[in-house]
Trainee: 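Pasting a structure below so you can have a look.
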Amino acid sequence: MDYYEHEIAPDEWIVGDVYTDRDDDPAAYERKLRKKYDTVKRDVNAIDGLSVRAPDFATLIATKKREKAKAVSFILDLNRSSLVLTVGPPAGTRFVLGKQSVPSDLEEYRLFLEGLVGWSDGDHPLVSEADFKAWSRKNPKKPTVYKTYEELARKSKADTEAFRAWAKANSTGKKVLEEAARTEKLKPADPARVKALKLLDATLAAYYKTF
């Protein structure tokens with residue numbers, strides 16, 4: 001399974017200094033930070049499973065001053081293992097405000113990403129619909145597992161077409177399909193047909209292992 005990775009730091013999630021030549025008054029800056037934190041918390045509140053806690057504002061402001069930063073940003077980062085909301089100087093120390101592990105199961109991860117697509121918008125484009133569709137093409141849904149190719153062909157036209165498309169894309173699978181086509185009109189008990197079906201079944205098993 002491929003993991004989708006992306007982070008966002010929307011402009012409206014950044015708290016900058018009013019003055020370029022000196023730091024803001026600490027009390028005034030803390031009020032701005034608290035107000036911005038409330039905004040960010042409301043924004044991410046709709047993300048199921050992400051619990052957010054307030055930062056230590058005094059420590060955050062002291063870190064900004066120590067690192068000579070002119071702003072503090074909130075960043076939402078989706079990586080291979082987790083969805084993390086952090087705050088801190090944009091290129092400096094980051095403090096974790098909320099963290100959620102991502103599912104390891106493909107279908108659970110698909111539902112997780114779909115939820116983030118529903119949350120994302122123009123201002124918070126964490127997982128766009130186009131990116132989700134591109135990810136889905138690379139990570140198709142797990143097919144129903146059939147014991148034999150004959151059972152597959154009898155029960156699901158869509159799954160059969162998906163399997164055949166996969167088989168045609170590699171030289172070994174393509175040869176197996178060609179041999180199956182050449183023996184299709186033979187009697188089921190004909191040794192050549194039995195061999196062709198066994199090869200099809202083995203190729204089908206290999207196909208399922210790709211998921």
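Just the heavy atoms: all of them, side chains too, but no hydrogens, waters or symmetry mates, feed the values below. These numbers were taken from a predicted model, which means no experiment stands behind them.
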Trainee: Should we say atom NZ of Lys99 is surrounded by more than 12 heavy atoms from elsewhere, each under 6.0 Å from it?
Mentor: no
Trainee: Could you go step by step and tell me if Lys142 and Asp105 meet the side-chain contact (heavy atoms from CB on, under 4.5 Å) rule?
Mentor: CA-CA 11 Å; Lys142 291 181 179 180; Asp105 176 78; 3.8 Å; yes
Trainee: Nearest 0.5 Å please: distance from the CG atom of Asp123 over to the CG atom of Asp43.
Mentor: 8.5 Å
Trainee: With rounding to the nearest 0.5 Å, note down the distance linking NE2 in His124 to CH2 in Trp13.
Mentor: 5.0 Å
Trainee: Side chains of Asp131 and His6: any donor to acceptor distance under 3.5 Å?
Mentor: no
Trainee: Checking Ser120 side chain against Val127 main chain: does a donor-acceptor pair fall under 3.5 Å?
Mentor: yes
Trainee: Considering residues, nucleotides and ligands other than Lys70, do more than 12 of their heavy atoms fall under 6.0 Å from its NZ?
Mentor: yes
Trainee: Show the numbers, then the answer: is there a salt bridge (Lys or Arg N to Asp or Glu O under 4.0 Å) between Glu30 and Arg34?
Mentor: CA-CA 6 Å; Glu30 181 173 336; Arg34 288 181 178 277; 3.0 Å; yes
Trainee: Determine whether the aromatic ring centres of residues Tyr109 and Trp135 are separated by less than 6.0 angstrom.
Mentor: yes
Trainee: Looking at every heavy atom in both Thr160 and Ala153, which two are closest together, and how far apart are they?
Mentor: OG1-CA, 3.3 Å
Trainee: I'd like to check Thr203 versus Thr172 (side-chain heavy atoms, cut-off strictly below 4.5 Å). Are they in contact?
Mentor: no
Trainee: Distance to the ring centre below 6.0 angstrom and angle to the axis at most 45 degrees; does that hold for Lys65 and Tyr29?
Mentor: no
Trainee: What's the spacing between Lys64 NZ and Leu60 CG if we round to 0.5 Å?
Mentor: 9.0 Å
Trainee: How about CD on Glu129, more than 12 heavy atoms from neighbouring residues, nucleotides or ligands closer than 6.0 Å, or not?
Mentor: no
Trainee: Might you work through the salt bridge (Lys or Arg N to Asp or Glu O under 4.0 Å) test for Arg110 and Glu107, ending with a clear yes or no?
Mentor: CA-CA 5 Å; Arg110 190 187 311 281; Glu107 296 311 315; 2.9 Å; yes
Trainee: In the structure I gave you, are the side-chain heavy atoms of Val44 and Val52 within less than 4.5 Å of one another anywhere?
Mentor: yes
Trainee: Is there side-chain contact between Phe74 and Pro10, with heavy atoms separated by less than 4.5 Å?
Mentor: no
Trainee: Could you tell me if the side chain of Leu50 sits less than 4.5 Å from the side chain of Leu76, heavy atoms only?
Mentor: yes
Trainee: Heavy atoms, side chains only, cut-off 4.5 Å: are Lys187 and Arg193 in contact?
Mentor: no
Trainee: Are Leu152 and Phe211 connected, step by step, through hydrophobic side chains (Ile, Leu, Val, Met, Phe, Trp, Tyr) whose heavy atoms are closer than 4.5 Å?
Mentor: yes
Trainee: Can you measure from CG (Leu116) to CG (Leu111) and round to the nearest 0.5 angstrom?
Mentor: 11.5 Å
Trainee: State, yes or no, whether a side-chain contact exists between Asp159 and Tyr146 at a heavy-atom distance under 4.5 Å.
Mentor: yes
Trainee: Does a side-chain heavy-atom distance below 4.5 Å link Val72 with Val87?
Mentor: yes
Trainee: Do other residues, nucleotides or ligands put more than 12 heavy atoms under 6.0 Å from Lys41 NZ?
Mentor: no
Trainee: State yes or no: do Val84 and Leu113 share one hydrophobic cluster built from I, L, V, M, F, W and Y residues joined by side-chain heavy-atom distances below 4.5 Å, directly or via other members?
Mentor: no
Trainee: If Ile, Leu, Val, Met, Phe, Trp and Tyr residues are connected whenever their side-chain heavy atoms lie under 4.5 Å apart, and connections chain through other members, are Ile14 and Phe57 in the same group?
Mentor: no
Trainee: Which pair of non-hydrogen atoms, one from Ala71 and one from Pro90, has the smallest distance, and what is that distance?
Mentor: O-CD, 3.3 Å
Trainee: Would you say the side-chain atoms of Tyr149 and Arg164 include a donor-acceptor pair closer than 3.5 Å?
Mentor: yes
Trainee: Before you tell me yes or no, could you show the steps for Arg31 and Asp25 under salt bridge (Lys or Arg N to Asp or Glu O under 4.0 Å), namely the whole-Å CA-CA distance, both residues' side-chain angles and the distance that decides it to 0.1 Å?
Mentor: CA-CA 10 Å; Arg31 286 195 295 272; Asp25 172 71; 5.2 Å; no
Trainee: Please check if the side chain of Arg80 supplies one atom and the backbone of Val102 the other of a donor-acceptor pair under 3.5 Å.
Mentor: no
Trainee: What are the two closest non-hydrogen atoms of Ala162 and Tyr207, and how far apart are they?
Mentor: CB-OH, 3.7 Å
Trainee: Could you measure the distance from the OG1 atom of Thr63 to the CZ atom of Phe95? Nearest 0.5 Å is fine.
Mentor: 3.5 Å
Trainee: For residues Phe132 and Tyr4, establish whether the separation of their ring centroids is below 6.0 Å.
Mentor: no
Trainee: Is the count of non-hydrogen atoms from other residues, nucleotides or ligands lying under 6.0 Å from Glu67 atom CD greater than 12?
Mentor: yes
Trainee: Once rounded to the nearest 0.5 Å, what's the spacing between atom CD of Gln100 and atom CG of Asp48?
Mentor: 7.0 Å
Trainee: How about Lys32 and Lys36: do any of their side-chain heavy atoms sit closer than 4.5 Å?
Mentor: no
Trainee: Are any side-chain N or O atoms of Thr93 and backbone N or O atoms of Pro89, one a donor and one an acceptor, separated by less than 3.5 Å?
Mentor: no
Trainee: Search all heavy atoms of Tyr3 against all heavy atoms of Pro103 and return the closest pair with its distance.
Mentor: CE2-O, 4.1 Å
Trainee: In terms of hydrophobic clusters joined by side-chain contacts under 4.5 Å, are Leu83 and Leu106 together?
Mentor: yes
Trainee: Would you call Glu150 and Arg154 a salt bridge, taking side-chain N to carboxylate O under 4.0 Å as the test?
Mentor: no
Trainee: Testing the basics here: between Ala196 and Ala180, what is the closest heavy-atom pair and its distance to 0.1 Å?
Mentor: CB-CA, 4.1 Å
Trainee: With a 6.0 Å cut-off (strictly less than), is the heavy-atom count around CG of Asp56, excluding the residue itself, greater than 12?
Mentor: yes
Trainee: Running the 4.5 Å side-chain criterion over Ile, Leu, Val, Met, Phe, Trp and Tyr, what cluster does Leu186 land in, apart from itself?
Mentor: none
Trainee: With hydrophobic residues grouped by side-chain heavy-atom distances under 4.5 Å, do Leu78 and Ile75 end up in a single group?
Mentor: no
Trainee: What are the two closest non-hydrogen atoms of Pro55 and Tyr37, and how far apart are they?
Mentor: CD-CD1, 3.9 Å
